[in-house]
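Notes to accompany the following structure.
As the structure is a computational prediction, the values presented were derived from the model and not from experiment.
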Protein chains: 2
Amino acid sequence: MNIQFKKGVLELCVLSLLNRQDCYGYELVEHISKYINISEGTIYPLLRRFRKDGYVTTYLQESPEGPPRKYYKITDEGRKAFENLLEEWEAFIIGVNRIIRGE
Amino acid sequence: MNIQFKKGVLELCVLSLLNRQDCYGYELVEHISKYINISEGTIYPLLRRFRKDGYVTTYLQESPEGPPRKYYKITDEGRKAFENLLEEWEAFIIGVNRIIRGE
DNA sequence: TATGCTACCTTGTAATGCAAGATACTATTA
DNA sequence: TAATAGTATCTTGCATTACAAGGTAGCATA
């Protein structure tokens, strides 16, 4: 797995999942790493960035197992960011494919 | 254009173009930036990395305009790297799409 | 007791895109 | 002649970010 591919795309993936439902950090790692190899040391700083940028809010909830879970809830601003990012991603893929396939 | 998307993908694009024909740096910038916004400060260090890793060899050729052009020629090793990178890229896209589209 | 799983977090390192700037050659125009 | 613009190369320093590695803590099971 090429590390560099991931840069920027993880934000898109996380926002996409949060757009469907509130999640806690560990849950996001588990879900995403089914398809893309990521670690917790990547997700937690990213979520802190999101909160700082106003893309998510958080609330605590007790867990039936282990310490309490910190849930992340996407905001309207986060939703806008997600839509922009998704558009950019799709345009990017098209551009890359044109270059790779030789126009 | 999200800067982060580009990381890693530029290597794939450059190798893909060199796989079709020898190019000089400035030419690569012009070609790629038709679809993806990149600058010379990105390409030249990348090409130096490629040479260091044995993915390309170089030769100089006079230009009808401006200073001599440094052409980059892909090696067998570079071609292998390209094929691996392409496979990884395609698998990566599939994974990302699964996450974004909700499996 | 200790092992393993869940769940959170931080620190330091490595990788790399880019802005900004330098250099230099050629051609065109004032 | 001087100035401008285009081609073409390169370097330095900064910002971003993924991750390995480590730490803390709660709960369940052996």
Touch class at under 4.0 angstrom, heavy-atom based, for Gly25(B) against every strand present | sugar-phosphate

So which nucleotide from dT11(D), dC8(C), dT16(C) ends up closest to the side chain of Tyr44(A)?
-> dC8(C)

For Tyr71(A) and dA7(C), give me the distance from atom OH to atom C1', rounded to whole Å.
-> 11 Å

Distance-only donor-acceptor test (3.5 Å): side chain Glu40(B), base dC18(C) | no

Go through dA8(D), dA18(D), dA25(D) for me and flag the one nearest to the Pro67(B) side chain.
-> dA8(D)

Return the nearest nucleotide to the side chain of Ile38(A); candidates are dC10(D), dC19(D), dA7(C).
-> dC19(D)

Give Tyr72(A) one of three labels, base, sugar-phosphate or nothing, depending on what nucleic acid heavy atoms sit under 4.0 Å from its own.
-> sugar-phosphate

Given atom CG of Asp53(A) and atom P of dT17(D), what is their separation to the nearest angstrom?
-> 9 Å

Ile43(B) CD1 to dA19(C) P: how many Å, rounded?
-> 13 Å

Please work out if Arg48(A) contacts a base, only the sugar-phosphate, or nothing of the nucleic acid, heavy-atom cut-off 4.0 Å.
-> base

Which of these, Tyr71(A), Tyr24(A), Tyr72(A), sits in a ring-ring contact (aromatic ring centres under 6.0 Å, His included) with Tyr59(A)?
-> Tyr71(A)

Between NZ of Lys70(B) and C1' of dT11(D) the distance, given in whole Å, is 13 Å

Checking salt bridge (charged side-chain N to carboxylate O under 4.0 Å, His left out) for the pair Glu77(A)/Lys52(A): CA distance, chi angles, key distance, verdict?
-> CA-CA 12 Å; Glu77(A) 215 178 325; Lys52(A) 194 181 125 234; over 6 Å; no

To the nearest angstrom, the CG-P distance between Leu46(B) and dA15(C) comes to 14 Å

Leu47(A) CG to dT17(D) P, in whole Å, measures 13 Å

Among the nucleotides dT11(D), dA18(D), dT6(C), which one has an atom lying closest to any side-chain atom of Arg49(A)?
-> dA18(D)

State which of dA20(D), dT9(D), dA7(C) makes the closest approach to the side chain of Tyr24(B).
-> dT9(D)

Can you tell which of dA18(D), dT11(D), dT9(D) lies closest to the side chain of Leu10(A)?
-> dA18(D)

Compare the minimum distances between each of dA7(C), dC19(D), dT16(C) and the side chain of Thr42(A), then state the nucleotide with the smallest one.
-> dC19(D)

State plainly whether one hydrophobic cluster holds both Ile43(A) and Leu60(A), where clusters connect Ile, Leu, Val, Met, Phe, Trp and Tyr through side-chain heavy atoms under 4.5 angstrom apart.
-> no

